[in-house]
Every structure is written in C-alpha cells, then in structure tokens.
Student: 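Shown below is the structure under consideration.
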Amino acid sequence: MFTKQTIKDIDLEGKTVLLRADYNVPISNGIILDDFRISQSLPTVKFLLSKNVKLIICSHLGRPDGVKNDIDSLFPVAKKLQYFLKQPVQFVPDCLSDEVPKIITKMVPGSVLLLENLRFYAEEEQNNEEFARHLASYADIFVQDGFGVVHRAHASTSAVTHFLPSVAGLLLEKEVDTISNVMENPQRPLMAIIGGAKIADKIDILHRFIEIADVVAIGGAMANTFLASQGVKIGKSLYDEKELPIARDVIRKAGSQVKKRDFKFILPFDVVVSKEISNTQPTRIVDLKTHSYAEINNYPKRPPLNSFHILNDDIVLDVGPFSGSFIAGNIQFCKTVIWNGTMGVTEVDSLLGSVGPYSHGTDLIVKAMVGEFGNTPFSVVGGGDTVSYVTSHKLLDCFDLVSTGGGASLELMAGRRLPGVEALLNKNV
Ligand code: ADP
Ligand code: 3PG
Ligand code: MG
C-alpha cells in the first residue's frame, strides 16, 4: 500500500501548487521525439486544475550541469503541454527569475506556468537549501509526480519538501504502488527479463531477482558480458569487462538457487551477429549450444563451421530465434513478467518496414507478454529504450504498467529507498 499522502488527501481549492514533473524527454531540433512522460503526467495536471489551483510546473531536462543552453530548454514541453491541455501554458525562461512571483500574482485559478530547466542551476543537483527555498516561495503546496527522478536527492525532490507541505501526484502513486506490490507480493510464477546495455546499473536488480523470481532471462549487451564471463569468444560485441567477476558471481548464485528450488536462469544459447550495425549488412545466427546435438543428428546437413562460433569481427546484436522462443515460451507459464532492457539493438529499423534486423528477440518477448501466444501475464515494463520500443509499436495499452522511470524503477525493484518519495508526508493512519 502507498503510505504517502497524495493530492486526493489534501485541500487544494484555490491554492498555488508547485508540481515537480519528470519532463526529461528526448528532443531533437525542438521536436519532442517521445511524449510518453508528458502524457503520463496529465491525470495529475488535470486533477490539480480541476481544483482551481494556480499550477506552477518544474522539471529538469538532460544533464546541463548548471549551464544554460538551448538544447536542454523545456520550451518545446510547454508547447506540447498546451496542445494536450487545450489551454495556454505560460513559460518563464529562468526558473529563479524575478518575473515568476509577478506572473503568479496575475495568474487566474486553473492556469498553468512551466518553469525553465531546473538543472540550468548547479544548485538543483546539489540539493541546495536556498535554491529549494526560492522555488518553494512560489507556492502553498508541493506535489511530487516526477517518478523518473525520485531516486535522486535533488533540491526539487528533497530539499524543497523542507519548506512546503509535500504530497504525491497520481503518477507517482500509481508507479510506486504497482511496482512495490509486484515485488512484495507477486502472482507466481514471477519472471524477470533483463537486457539492454546499462549493465552496471542493472546488476543490483539481477541479484534481487535471482532471490525472488522463478525465472530470470538475460538478453541484450548484458548477455554478452555473461557469455564472455563463461569464456565464450564474443568478437567485437559490446560488453562490460569490469563486470566480468560480477557476472560470474551472478551465475554462481543462480546455480545455487537452481539446486535449492524450482528456479530457471536463462542465458542466450544462440545469437544474431553481424559485421556492423546496419540494416543492409547480412546477419547470421550462431548456435552456441546445440553443436553436439547437431553432430549426432547430422543436422543441419554439413553446417557451415561459423554456425557455432562467433568470429573475431562479429558483433552480437540480438538474441537468436531459439533463445527468443525459449524466453517467450517461459513467459507462457508465468503470471507476472517484469521486463527491463531490450534483447538487441532495436533502434535499427527494418529496410522492409517490418521487424528490424536486431529486434526479433524483443519482438518475440513483446508478443508473448501481451498475450499473442495465449497467456497474458501481469506485465511491467521499464527503461527508456524499452519503453520507446513499446510506445513506437503502439503497444502501451497492452501492458499493465509501462513505467516512466528508468533508474527509479530499477532502484525501487531492488528494494532501495527513494529520497523523493521518503520526503513526502505520510498518510494519517
Ligand atoms: P533501457 O533504456 O530500456 O533501460 P538500456 O539503456 O540499458 O535499456 O539498453 C537499451 C540499449 O541497449 C539500446 O540502445 C540497445 O541498442 C542496446 N543493446 C541491446 N542489445 C545490445 C547488443 N547486443 N549490443 C549493443 N547494444 C545493445
Ligand atoms: C531519467 O531520465 O532517468 C530521469 O529523468 C533522471 O535523469 P538523470 O538520470 O539525469 O538524473
Ligand atoms: Mg536506455
């Protein structure tokens, strides 16, 4: 159960509210490439506006390290919000500007102001009390709804709560509640699928899943590190050399869980390789496991030697079709599936407009998770690139929770405390 007060628990009528959102969205040449985080914040924004508040929204964008620049401006977000809300959204190009209090005085209840990127001030990431006090001086109440950033103790997630009554927004409540429930009380069997490239960020959560899940499957560049740790030659593939001992440790732990209980740890046993990352290069499947089976059965007849080896100039770019199907098959027997990290380099589009050359593994998993093969488990998806894959394939509604958080959802799943949530008022019980 979510133990923090939310915007449903307090009197908001006619108040001035400072809302922290996570509008850290990909923008290129002023165009928002993925508005998922903005659209997901709308229920909270609309709820607040329905209470006739003067709404001041703040957020960070990118990592400008305290230096103002055009690329990380939130101005395109103001335009997008205006489009979604069908009402004007004022924008101030400096979150500490003297203009802000004057604008707020003139604002009518039910109107919206978006402040420029908080990280244009280094004080934001330093969790600076004075910076936070300045932001807090604009409002009567602070609402935290930026789930994607609550794992950071910054001025707008932590220090600001020292100066205002601080409660959660609806998105924060939904995300924390759903993820905590799944981790504490999952419908079993529980499966975790971990892929992607940010290996170091995901090691902690792997340890946790090996203890609590019934099936753990590894894909993406993460799997390359595990394969390399087992002595498999992986050519020019992306992997993390520093993490090799940790990968060995994870495999050892997984092995001891397999002995203790009904637990399955899946590493890819075939992979898709290519000589470079492009949609015009030929791909090849390398079978890492069934060599002896193939020899005994003389199948496939006269296999090319390179079917069983990753060559020095090969790059592993996806899990192979045997492994992808095996993971998809396991999804069929699970009641809950948590997925973070693509199985391959899904950014490369297909020349033919169908599934990209390194997206087949991810595609199989998505199909299995959303019920294409019959079983529809409770499904939780997180991670920037993973969620982009889901949104770009218009599959958002097919999952039970598509998290707006990357690091935040991983830390919550790993059982860490989230400073931005801890700081909020407790429910009166
Ligand atoms: P998320 O953003 O979903 O949290 P990550 O950022 O950890 O996940 O990983 C997604 C990225 O991993 C994508 O950019 C994808 O191209 C990359 N990736 C997946 N598999 C591989 C691979 N075999 N080699 C290189 N990059 C990979
Ligand atoms: C994210 O995109 O994960 C959040 O917005 C947090 O951003 P950060 O990793 O730069 O703190
Ligand atoms: Mg990513």
Side-chain angles (χ1 to χ4, degrees), residues 20-27 34 36-38 40-41 59-65 72 74 77 117-119 124-125 127 145-154 156-157 175 193-203 205-206 218-228 234-240 268 271-274 276-277 283 286 310 314-320 323-324 338-349 356-362 365 381-392 402-413 418-420:
R20 172 57 156 112
D22 183 352
Y23 290 154
N24 184 19
V25 293
I27 297 180
D34 179 359
F36 180 59
R37 280 181 165 167
I38 305 173
Q40 289 298 101
S41 84
S59 175
H60 73 284
L61 177 67
R63 291 179 176 172
D65 293 331
D72 292 320
L74 278 166
V77 173
N117 194 343
L118 298 167
R119 290 192 188 170
E124 159 65 0
E125 293 192 62
N127 199 9
D145 207 33
F147 175 69
V149 74
V150 286
H151 59 310
R152 312 272 180 226
H154 291 172
S156 68
T157 60
E175 296 236 24
I193 305 168
I194 310 289
K198 290 186 197 157
I199 295 147
D201 288 5
K202 297 184 187 179
I203 288 288
I205 185 66
L206 257 185
I218 312 284
M222 176 93 143
N224 296 343
T225 304
F226 279 88
L227 293 173
I234 56 165
K236 293 199 299 187
S237 310
L238 177 68
Y239 79 111
D240 192 337
V271 290
V272 176
V273 301
S274 192
E276 63 182 62
I277 305 178
T283 55
V286 178
I310 297 167
D314 282 336
I315 319 171
V316 173
L317 294 166
D318 194 6
V319 300
S323 309
I338 298 172
W339 171 38
N340 184 300
T342 54
M343 295 293 101
V345 180
T346 46
E347 297 92 331
V348 180
D349 289 328
Y358 320 118
S359 297
H360 292 280
T362 306
I365 282 163
V381 184
D385 295 284
T386 312
V387 171
S388 289
Y389 186 86
V390 168
T391 47
S392 65
V402 180
S403 178
T404 56
S409 58
L410 288 175
E411 294 206 9
L412 183 56
M413 286 177 192
L418 302 174

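What you see below is based on every heavy atom in this structure, not just the backbone, and it leaves out hydrogens, waters and symmetry mates. Model, not experiment: these values are computed from the prediction. First listed ligand is number 1; within each ligand, the first listed atom is number 1.
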Student: With a 4.0 Å heavy-atom cut-off, what residues sit around ligand 1?
Tutor: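 Lining ligand 1 at under 4.0 Å, by heavy atoms, one finds G196, A197, K198, K202, G220, A221, N224, L238, V316, L317, N340, G341, T342, G344, V345, E347, G383, G384, D385, T386.
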Student: Answer with yes or no whether the side chains of T157 and R152 bring together a donor and an acceptor at under 3.5 Å.
Tutor: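 Absent: no donor and acceptor within the cut-off.
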Student: Could you go through F147 and L412, starting from their C-alpha distance and side-chain angles, then the distance that decides it, and tell me whether this counts as side-chain contact (heavy atoms from CB on, under 4.5 Å)?
Tutor: CA-CA 10 Å; F147 175 69; L412 183 56; 4.1 Å; yes
Student: For the backbone of V272 and the side chain of T283, can you confirm whether one donor and one acceptor N or O come within less than 3.5 Å of each other?
Tutor: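 Not confirmed, T283 side chain does not pair with V272 backbone.
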Student: Looking at the Mg ion (ligand 3), which N/O/S atom of D385 is the nearest one?
Tutor: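 Going through the N, O and S atoms of D385 one by one, OD2 ends up nearest to the Mg ion (ligand 3).
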Student: So is G406 close enough to ligand 2, meaning a heavy atom under 4.0 angstrom away?
Tutor: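 So G406 does not count as touching ligand 2.
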Student: So do Y389 and I365 actually touch side chain to side chain, heavy atoms under 4.5 Å?
Tutor: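 A side-chain contact is absent here, since even the closest heavy-atom pair is not under 4.5 Å.
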Student: Could you tell me whether a side-chain N or O of N224 sits under 3.5 Å from a main-chain N or O of L238, the two making a donor and an acceptor?
Tutor: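 Indeed, once roles are kept as given, a pair shorter than 3.5 Å links the two residues.
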Student: Check each atom of ligand 2 against the heavy atoms of N24 and keep those under 4.0 Å away; list them by number with element.
Tutor: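 The list of qualifying atoms is 1 (C), 2 (O), 4 (C), 5 (O), 7 (O).
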Student: Tell me, which protein residue and heavy-atom name are nearest atom 7 (O) of ligand 2, and how many Å apart are they?
Tutor: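 The closest one turns out to be H60 NE2, 3.4 Å.
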Student: Minimum distance, heavy atoms only, to atom 1 (C) of ligand 2: which one of R37, R152, R119 is it?
Tutor: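 Among R37, R152, R119, the closest heavy atom to atom 1 (C) of ligand 2 belongs to R37.
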Student: Answer with yes or no whether the side chains of E175 and T404 bring together a donor and an acceptor at under 3.5 Å.
Tutor: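 A donor-acceptor contact under 3.5 Å links the two side chains.
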Student: Report, in ascending order of atom number, the atoms of ligand 2 lying under 4.0 Å from any heavy atom of D22.
Tutor: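 Every atom of ligand 2 under 4.0 Å from some heavy atom of D22: 4 (C), 5 (O).
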Student: Judged by atom type as modelled, is there a donor-acceptor pair below 3.5 Å linking the side chain of N24 to the main-chain atoms of G62?
Tutor: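 Indeed, once roles are kept as given, a pair shorter than 3.5 Å links the two residues.
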Student: Sub-3.5 Å donor-acceptor pair from the side chain of E125 to the main-chain atoms of R119, do we have one?
Tutor: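 No: the side chain of E125 does not pair with the backbone of R119.
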Student: Would you call E125 a ligand 2 contact, heavy-atom distance under 4.0 Å?
Tutor: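 The answer is no: ligand 2 sits nowhere under 4.0 Å from a heavy atom of E125.
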Student: Do ligand 2 and H151 have nitrogen or oxygen atoms that lie under 3.5 Å from each other?
Tutor: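 No.
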Student: Distance-only, no hydrogens or angles: does the D34 side chain make a donor-acceptor pair with backbone N or O of S388 under 3.5 Å?
Tutor: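 No, D34 side chain to S388 backbone: no donor-acceptor pair under 3.5 Å.
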Student: Checking side-chain contact (heavy atoms from CB on, under 4.5 Å) for the pair M343/D318: CA distance, chi angles, key distance, verdict?
Tutor: CA-CA 6 Å; M343 295 293 101; D318 194 6; 3.8 Å; yes
Student: Students should be able to answer this: which protein heavy-atom is nearest to atom 10 (O) of ligand 2, and at what distance?
Tutor: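 Protein heavy atom with the smallest distance to atom 10 (O) of ligand 2: R63 NE, 2.7 Å.
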